[in-house]
Amino acid sequence: MNDNNSHYNPVRVRFAPSPTGYLHLGGARTALYNWLWARKNQGVFLLRIEDTDLERSTQDSVQEILDGLTWLGLDWDEGPYFQSASLDKHVEAAETLLQKRYAYRCFCTKEELEAQRKEAGAKKVAFMYDGRCRELPASRVDENLAKGLPYVIRFAVPRDSQSTVVFEDAVYGRLEKKGQDIEDFVIVRSDGRPLYILSNAVDDANDRITHVIRGADGLANTPKQVLIYEGLGIVPPVFAHMPLTLDNKKAKLSKRTHGEVVTVAYYRRHGFLPWSLCNFLALLGWSSSDGREFFSREELIEAFDLSRINRANSIFNYVPGDAKNWTDPKAIHFNATYIRTMPLEQLIPCVKAELQNAGIWDDAYETEKREWFRQTVDLIRARFFTLTDFSTRGKCYFSDEFDFDEQAKKKNLSKEPRLREFLPELAHRLDSLPTFSGAAAEDALREYAEEEGVKAGLLINAARTAVSGTSVGPGLFEMLDTMGRQRVVARLMKAKDLIPEE
RNA sequence: GUCCCCAUCGUCUAGCCCGGCCUAGGACACCGGCCUUUCACGCCGGCGACAGGGGUUCGAAUCCCCUUGGGGACGCCA
C-alpha cells in the first residue's frame with residue numbers, strides 16, 4: 001500500500017487538541033486527516049488532550065471535543081491521554097538536555113527580556129534572545145543557584161554559521177532552517193513547568209507517534225522540535241503540515257470572530273450528516289487523483305494520501321447574513337446530495353432522531369405506518385438540504401400543526417375568491433371517491449376544474465398551499481396520496497377560512 | 001521588523017515534480033434553456049482563472065529570478 005512508509009510499522013498518529021474551547025472545523029479536519037491516515041495504514045489513532053494551559057483548559061471543552069469526534073465517527077484507538085499526566089516525563093527530558101548540554105539555565109528575568117523586546121520593537125529590528133546566559137561560568141551558575149535565583153531552561157541552538165536543521169515534510173517537502181535564525185527557546189518555565197514545545201515533542205516520542213499531521217501553524221515550530229528530538233537522541237516522526245483554512249477575508253477561523261458556524265456542534269444541531277461534513281472537510285485542502293468528490297468512508301480511506309494535500313491555504317466560504325447559504329455552499333451541497341441519494345435505510349434513523357427531537361415522532365412509523373413513513377421520507381427528501389428540514393419544511397407530513405407561508409397564501413389562496421367554494425367542494429368530491437389515491441384525486445380535480453371552467457393549475461396550487469402551507473413541494477397528487485384522504489379533506493375544508501372574501 | 005510558507009475561475013480544486021496531449025479540466029455558486037400544476041431534482045448550455053514582470057527553451061500554467069499579494073511563526077500560550 002505505502003511501501004515508502006512500511007518501516008513505520010505500525011503507523012501511530014494523534015490528534016492533540018488543547019481543551020480551551022469548542023471543537024472547530026479546523027480541528028475536525030486535522031482529526032479527520034489523522035484518522036484517515038491511521039485507518040489507511042491499519043495504524044493507531046490516539047487522542048491526547050493537551051491540557052497544560054491550566055488557566056484556559058476546561059472539562060466542558062474536553063467533553064465537547066470527545067462528543068464532536070464521536071459524532072463525526074472519528075473513533076480513536078487509544079486515549080484520551082492527558083498531557084498534564086506526564087509532566088514528570090517532560091521535566092525529565094529537560095534534565096537530560098541540561099546534562100547533555102543541549103540546554104542551559106537562563107537567569108534573565110522576564111522584565112529584562114521585556115525591556116529588550118520593547119527596545120528592539122522601537123528600533124524596528126527583530127528581537128532574538130542573545131544567549132547571554134549560555135556562557136555563564138559554572139561557578140556563576142552555582143552561585144545563582146545557591147542564592148535561589150529563578151531561572152528558565154533554554155535550548156542551546158547550534159549557532160555556527162553552517163548549522164542547519166533539516167526535516168522532510170510529507171506535504172511541503174524538504175525544509176531547512178538556519179540555526180542562526182532560531183532563538184534559544186525556553187523549554188521550562190522559572191516555576192519548573194515545561195513548555196508546550198517540549199511537552200509536545202516528548203509526548204509524541206513517548207506515544208511512539210510516527211506521523212505528526214497538524215496545521216501549518218506548527219510549521220515554524222518544527223525545527224525547534226526536531227532539535228529537541230535530536231538532543232534526546234530520538235528519531236523524529238514524519239511531519240505532514242496541512243494548510244490552514246481561512247475565512248473569505250483570509251483571516252484564521254476562530255469561534256471568537258466567526259461564532260458558532262465554525263464549531264462542529266453547530267452542524268450537528270443544524271441537521272448535518274456527520275459523514276457529509278467529513279467528506280466536505282476532506283476536500284478542503286486535499287483532492288483525489290481521479291477527481292471524485294463523493295466518498296464513502298472506505299473509499300476515502302482508500303483514496304486518501306498525504307502527498308496529495310495541497311500546499312496553499314483554503315478558504316471556508318462562509319458569508320455572514322446569507323439565509324440560503326448559511327454556511328459554505330459546497331458543504332450544503334454535500335449534505336443535500338447525501339440526504340437525497342443515500343440508502344433510505346440509513347437515512348430513516350436520522351430522520352427519526354430529528355422528528356423525535358422536534359416532538360413529532362410517532363412510534364407507529366416503525367410498525368403499522370412503517371411503509372408509509374419510508375415512502376414519505378423518500379418523497380420529500382429530494383427537496384431537502386438538512387435533517388432539520390424534515391421537522392420544519394416537512395412538518396405538514398407528520399403533524400397538523402404546520403405553519404402557513406404568507407407568500408404562499410398570497411400567491412395561491414388570495415387571488416381567486418371563488419376558492420372559498422371550490423376548496424370545500426373539492427374536499428367533498430375527494431371524500432366521496434370510492435378509493436382514494438393520487439391518480440383518483442387527479443381525475444376528480446381535473447374534472448371539477450373543467451366543470452367550473454377554471455384552469456386545473458388554480459385548484460392544484462390552491463390545494464397545495466391548503467394541505468402543506470407552502471407553494472413548493474412534490475407533485476400535488478403525490479402529496480395528496482401520501483397525506484391520505486382524511487388529512488387532505490380536513491385541510492381543504494379548513495383552508496376556506498384563509499381565503500379572503502371578495 | 002526578522003524568518004518561513006504559499007499564489008490556476010467568486011469558492012474548492014485538476015494540471016506543475018517528469019515543459020508540448022491545456023484554444024487550462026471538474027465541482028460548488030451564479031445565469032439561461034428543457035422538463036413541469038409549484039419548487040426542487042435531472043439534463044443541456046453560459047459566465048468565469050494560470051497575480052505582474054523578466055529570463056531559460058523551438059515551445060512554459062508547468063523550470064529559474066525579481067516584484068506584488070496573502071498566510072504563518074517569532075511568548076516563562078497551546
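Naming: A, B, ... by sequence-line order, numbering from 1 per chain.
The interatomic distance linking Gln83(A) (CD) with rA78(B) (P) rounds to 8 Å, in whole Å. Asn200(A) places its CG atom 10 Å from the P atom of rA78(B), with the value rounded to the nearest Å. For Lys178(A) and rC4(B), the NZ to C1' distance is 10 Å, given to the nearest whole Å. Whole-Å rounding puts the Arg311(A) CZ to rG15(B) C1' distance at 13 Å. Atom-to-atom, NE2 of His241(A) to C1' of rA73(B) comes out at 11 Å; the value is rounded to the nearest Å. We find that CD1 of Ile315(A) is positioned 14 Å from C1' of rU8(B), with the value rounded to whole Å. The nearest whole Å value for the distance from the OH atom in Tyr129(A) to the C1' atom in rU2(B) is 19 Å. Protein atom CD of Gln225(A) is 12 Å distant from nucleotide atom P of rA78(B), rounded to whole Å.
Taking the side chain to side chain contact (heavy atoms under 4.5 Å, CB included) definition, one finds that Pro150(A) meets it with Ser190(A), sequence neighbours left out.
Among Trp275(A), Tyr267(A), Phe316(A), the one residue that satisfies the side chain to side chain contact (heavy atoms under 4.5 Å, CB included) test with Phe280(A) is Phe316(A). Considering Arg14(A), Arg48(A), Lys89(A) as possible partners of Asp207(A), the one that fulfils the salt bridge (Lys or Arg N to Asp or Glu O under 4.0 Å) test is Arg48(A).
With rA14(B), rC76(B), rU38(B) as the choices, the nucleotide that has an atom nearest any side-chain atom of Arg464(A) turns out to be rU38(B). In the set rU13(B), rG71(B), rA78(B), the nucleotide with an atom closest to the side chain of Asn313(A) is rG71(B).
The partner of rA27(B) is rU11(B), by the rule that a Watson-Crick or G-U pair needs both atom distances under 3.5 Å. A 3.5 Å limit on both hydrogen-bonding distances identifies no Watson-Crick or G-U partner for rC47(B). For rG20(B), the paired nucleotide is rC58(B), the pair qualifying as Watson-Crick or G-U wobble because both relevant distances are below 3.5 Å. rU2(B): Watson-Crick or G-U partner is rA73(B), with both key distances under 3.5 Å.
With a 4.5 Å cut-off on side-chain heavy atoms, Phe127(A) and Lys118(A) do not count as touching. Thr222(A) places none of its side-chain heavy atoms less than 4.5 Å from the side chain of Leu175(A).
Between Arg117(A) and rG75(B), a side-chain N or O to OP1/OP2 separation shorter than 4.0 Å is present. Contact check, Lys252(A) against rA73(B): a side-chain N or O comes under 4.0 Å of OP1 or OP2. For the OP1/OP2 pair of rG15(B) and a distance below 4.0 Å, the side-chain nitrogens and oxygens of Arg308(A) include at least one atom meeting the criterion.
A heavy atom closer than 4.0 Å to some atom of RNA chain B occurs in Lys324(A), Pro329(A), Lys330(A), His333(A), these being the qualifying members of residues 324-334 of chain A.
Nearer to the 5' terminus of RNA chain B, by closest-nucleotide assignment, is the contact made by Arg29(A) (compared with the other of Arg29(A) and Cys108(A)). Projected onto RNA chain B by closest heavy-atom contact, Gly285(A) and Glu293(A) fall at different nucleotides, the more 5' of which corresponds to Gly285(A).
Using a 30° and 60° split on the angle between ring planes, Tyr102(A) and Phe155(A) fall in the parallel class, below 30°. Classified by interplanar angle (parallel below 30°, tilted 30° to 60°, perpendicular above 60°), the ring pair Phe167(A)/Phe239(A) is perpendicular.
Comparing the C1' positions of rG52(B) and rC47(B) gives an interatomic distance of 25 Å, to the nearest angstrom.
Using a 4.0 Å heavy-atom cutoff across all strands shown, Leu244(A) reaches sugar-phosphate atoms only and no base atom. No engagement by Thr20(A) is indicated, since no non-hydrogen atom pair under 4.0 Å with the nucleic acid exists.
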Distances under 3.5 Å between nitrogen or oxygen atoms of protein and nucleotides 39-43 of chain B:
| unit_1 | atom_1 | unit_2 | atom_2 | d |
| --- | --- | --- | --- | --- |
| rC39(B) | O2 | Arg383(A) | NE | 2.3 |
| rC39(B) | O2 | Gly473(A) | O | 3.3 |
| rC39(B) | N3 | Arg383(A) | NE | 3.2 |
| rC39(B) | N3 | Arg383(A) | NH2 | 2.8 |
| rC39(B) | N3 | Gly473(A) | O | 3.4 |
| rA40(B) | N3 | Arg383(A) | NH2 | 3.3 |

